[in-house]
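The block underneath contains the structure these notes are about, expressed in structure tokens.
No experiment lies behind these values; they were computed from the predicted model shown. Because only heavy atoms are used, hydrogens play no part in the values below, and waters and symmetry mates are left out as well, while side chains stay in. Every chain is numbered from 1 and lettered A, B, ... according to where its sequence line falls, protein lines coming before strand lines.
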Protein chains: 2
Amino acid sequence: MSVATVSRVINERGYVSEKTGLKVQEAINILHYTPNQAAQSLTTSSTKLIGLLVPDINNPVFLRTIEGINDYLKEKGYILMYAESGEDDEEMSNMVRRFLSNRVDGMILCSRDFTQFGDMDAIIEPALKNNVHVVLNGYVDSKFEIDRVGFDNVRGAYLATEHLLKMGHSSIALIAGTDSTISEERYRGYREAHIDNHVSLNPALVVKGDFRQHSGYEAMLKILQMNPRPTAVFAMNDVMAIGAMMALEDHKVSVPDEIAVAGFDDIIWCSLIRPRLTSVVQPKYEIGKKLAEFLLSRMNESYSGPGRHEIFGSRLAVRQSTVKSEQQ
Amino acid sequence: MSVATVSRVINERGYVSEKTGLKVQEAINILHYTPNQAAQSLTTSSTKLIGLLVPDINNPVFLRTIEGINDYLKEKGYILMYAESGEDDEEMSNMVRRFLSNRVDGMILCSRDFTQFGDMDAIIEPALKNNVHVVLNGYVDSKFEIDRVGFDNVRGAYLATEHLLKMGHSSIALIAGTDSTISEERYRGYREAHIDNHVSLNPALVVKGDFRQHSGYEAMLKILQMNPRPTAVFAMNDVMAIGAMMALEDHKVSVPDEIAVAGFDDIIWCSLIRPRLTSVVQPKYEIGKKLAEFLLSRMNESYSGPGRHEIFGSRLAVRQSTVKSEQQ
DNA sequence: TTGAAAGCGTTACCAG
DNA sequence: CTGGTAACGCTTTCAA
């Protein structure tokens, strides 16, 4: 019973007599033997580990995506190394290195927005140089050929804005996010909807937030002081929209009767708050699956062409926050 | 410039002349060299990897706990291998093996309730036999000396029930969870509060759910048909409580005026729904930290005594769902 | 201060 | 069908 034989039994590879196989199995059970992946990976150069970097698990946006990734990967025998990056350049870089050190077979990087990083390429480069594939969830300009999966932000924002316009609002405040491609694109949707519907755009109606709930609250306070007061608000993401709704609640402004509110992302919270929040639906789970799929196809070399860029389409989930009761 | 020298430079161990050190650094940069953790672990027998098994990331209860774990561990240079177990015996066992295979330095197992597993010991045993430490978040009877951190369920349920009783309710329906220690303990709290407050217990008021939102909804439907109808409901967790509130909303029963509702866990959703949900606060983040702390202390052998069992105390967050407006 | 070599647990290859 | 052995990339010990 040599090590070679044991290896054969475990990997079910090569010829092993039934008798020997049984004997080995027995020994394994008695000794609680578990193969050492580290040693395995030393010879096979595959760890079946995938690095996953997420800015913040507490943001429900990422949860479904993680699930999509996990479901796809688990089925194929991969396991996730999870790390939180906190949207910090340095931190991200460190984690990428850490992943490399652990010899992940590939990595998935999620970010609210990659463009805010001075030099995303510098972060990814070490991975690429080590022949570790990277896929991105987000928006980047990169000189490398990497796959990314994103979402049609322009269209999403367009749909939400158009919906508000169609509901009769002509003065729609916009709670924007931090300067980033996402914000730009969502702004463009907002803008184009106005143009297409022949409603003039008023820059004074744009209030800047930072994608976090509190900033939505603050922004709403400013909007409430506008004169004339807008009759609708579109927030660039749901948590800001929810912050805004809380401000409205605190000031006893009724939604949607006095002010209609729409958000973006369709996080689970939308259906919990009252009135339910109208929001742009991102197929988060599918995005996760696609990310995993892209990555695996790179890893097993079933694809090796130029960087792919899958953009998922949009849909608006219309709920109570934008539909007055008499219109229902 | 031998491998030995490079090793010294990287680990900042042993004597290396400044000149050589610089030369090595330079080469590292040029080559994008990253140490191979797998190989390192082969000689050091430490991977700095911690396995984390969670039933379901989508349940907000676990999120904060994961964060607590992550924060504590990251600081000490550990990284998480994350896996979802789905509360399934077989699945759990597999993941434990997978972790072992990856030679995690330790593992943290979370479960809504371990007692539902026929043989939790069988699941943990392989880890223990391989000298990999395990800590548990949950409730287990185990013949092994493992650390666990839990929560004072009896007290928590007691506080919630007592609060409802003090608010004048004498007929409090209970939406229970699946048969498990957690359910038992929360039931005990419910029961003891009744006894201490000299209110007789009515078994007919207990409706069984399964800890999931939908079951809370269904349970509430049954409660609404009771005659006389209870004036308050205590659900054994928040998602069931929220399901119950949705049923009440659908049937136009006002909360808390017609029926008061209290939950357990204090997930973030409690503050999002209206009326805000009164709930028993679990220090989820601290639980996570404690788990990590227990594990590390075992790993570095600063502790090696009998299994510790840390039970976190309870607090009730009283919100609108149990306090009538005139009482505020 | 540096290098050579053994050893960690596996797999792959070659001989028997 | 089975066993021996080189090789994987690293750390550690010992010698130079």
Side-chain angles (χ1 to χ4, degrees), chain A residues 1-49 51 77-79 81 97-105 126-127 129-132 300, chain B residues 1-49 51 77 79 81 97-105 126-127 129-132 299-300:
Chain A
M1 235 166 52
S2 67
V3 285
T5 308
V6 175
S7 176
R8 279 185 212 108
V9 173
I10 288 171
N11 299 297
E12 294 168 336
R13 214 194 316 272
Y15 298 98
V16 181
S17 75
E18 202 167 321
K19 211 178 77 191
T20 321
L22 254 36
K23 231 159 67 183
V24 172
Q25 279 299 352
E26 198 187 320
I28 287 177
N29 292 333
I30 293 174
L31 302 171
H32 287 279
Y33 168 82
T34 320
N36 186 331
Q37 253 276 326
Q40 283 178 348
S41 80
L42 215 49
T43 64
T44 60
S45 59
S46 158
T47 53
K48 289 287 191 174
L49 244 37
Y78 289 88
I79 191 166
M81 278 187 61
R97 275 171 196 293
R98 190 64 210 279
F99 284 157
L100 289 177
S101 206
N102 282 290
R103 289 297 187 274
V104 295
D105 288 348
K129 290 286 183 208
N130 283 285
N131 289 314
V132 173
N300 65 212
Chain B
M1 238 168 49
S2 68
V3 287
T5 309
V6 175
S7 176
R8 281 187 208 107
V9 174
I10 288 172
N11 299 299
E12 294 167 337
R13 215 194 315 273
Y15 297 98
V16 181
S17 76
E18 202 167 323
K19 211 177 74 188
T20 320
L22 255 35
K23 231 160 62 184
V24 172
Q25 279 300 351
E26 198 188 320
I28 287 177
N29 292 332
I30 293 173
L31 301 171
H32 287 277
Y33 169 80
T34 320
N36 185 330
Q37 254 275 331
Q40 282 178 349
S41 81
L42 217 47
T43 67
T44 61
S45 59
S46 157
T47 53
K48 290 286 190 176
L49 245 37
I79 191 167
M81 278 186 60
R97 274 170 198 292
R98 189 65 210 278
F99 284 156
L100 289 178
S101 205
N102 282 288
R103 289 298 187 273
V104 295
D105 288 348
K129 290 286 181 206
N130 282 284
N131 288 313
V132 173
M299 281 164 36
N300 65 212

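- Between Arg103(A) and Ser41(A), every side-chain heavy-atom pair lies at or beyond the 4.5 Å cut-off.
- Residues Asp105(B) and Val132(B) are not in side-chain contact: their nearest non-hydrogen atoms beyond the backbone lie 4.5 Å or more apart.
- Between the CZ atom of Arg8(B) and the P atom of dG3(C) there is a distance of 8 Å, rounded to whole Å.
- Rounding to whole angstrom units, CD1 of residue Ile10(A) and P of dT11(C) are separated by 6 Å.
- For the side-chain hydrogen bond (donor to acceptor under 3.5 Å, both in side chains) test, no residue two or more places apart in sequence or in another chain qualifies with Thr43(A).
- Looking at residues two or more places apart in sequence or on another chain, you find a side chain to side chain contact (heavy atoms under 4.5 Å, CB included) between Ser7(B) and Asn11(B).
- When side chains are defined from C-beta on, Leu100(B) counts as touching Pro126(B), because their heavy atoms get closer than 4.5 Å.
- When the P atom of dT11(D) is taken as reference, atom CD of Glu12(B) falls 12 Å away, rounded to whole Å.
- Between Leu42(A) and Asn36(B), the shortest heavy-atom contact is CD1-ND2, 4.0 Å.
- Residue contacts for Val6(A): at a heavy-atom cut-off of 4.0 Å it reaches no nucleic acid atom on any strand shown.
- When the side-chain nitrogen and oxygen atoms of Ser17(A) are compared with OP1 and OP2 of dC1(D), none of them lie within a distance under 4.0 Å.
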Please enumerate all protein N or O atoms sitting under 3.5 Å from an N or O of nucleotides 8-10 of chain D, with distances to 0.1 Å.
| unit_1 | atom_1 | unit_2 | atom_2 | d |
| --- | --- | --- | --- | --- |
| dG9(D) | N2 | Ala39(B) | O | 3.4 |
| dC10(D) | OP1 | Tyr33(B) | OH | 2.4 |
| dC10(D) | OP1 | Asn36(B) | N | 3.0 |
| dC10(D) | OP2 | Tyr33(B) | OH | 3.3 |

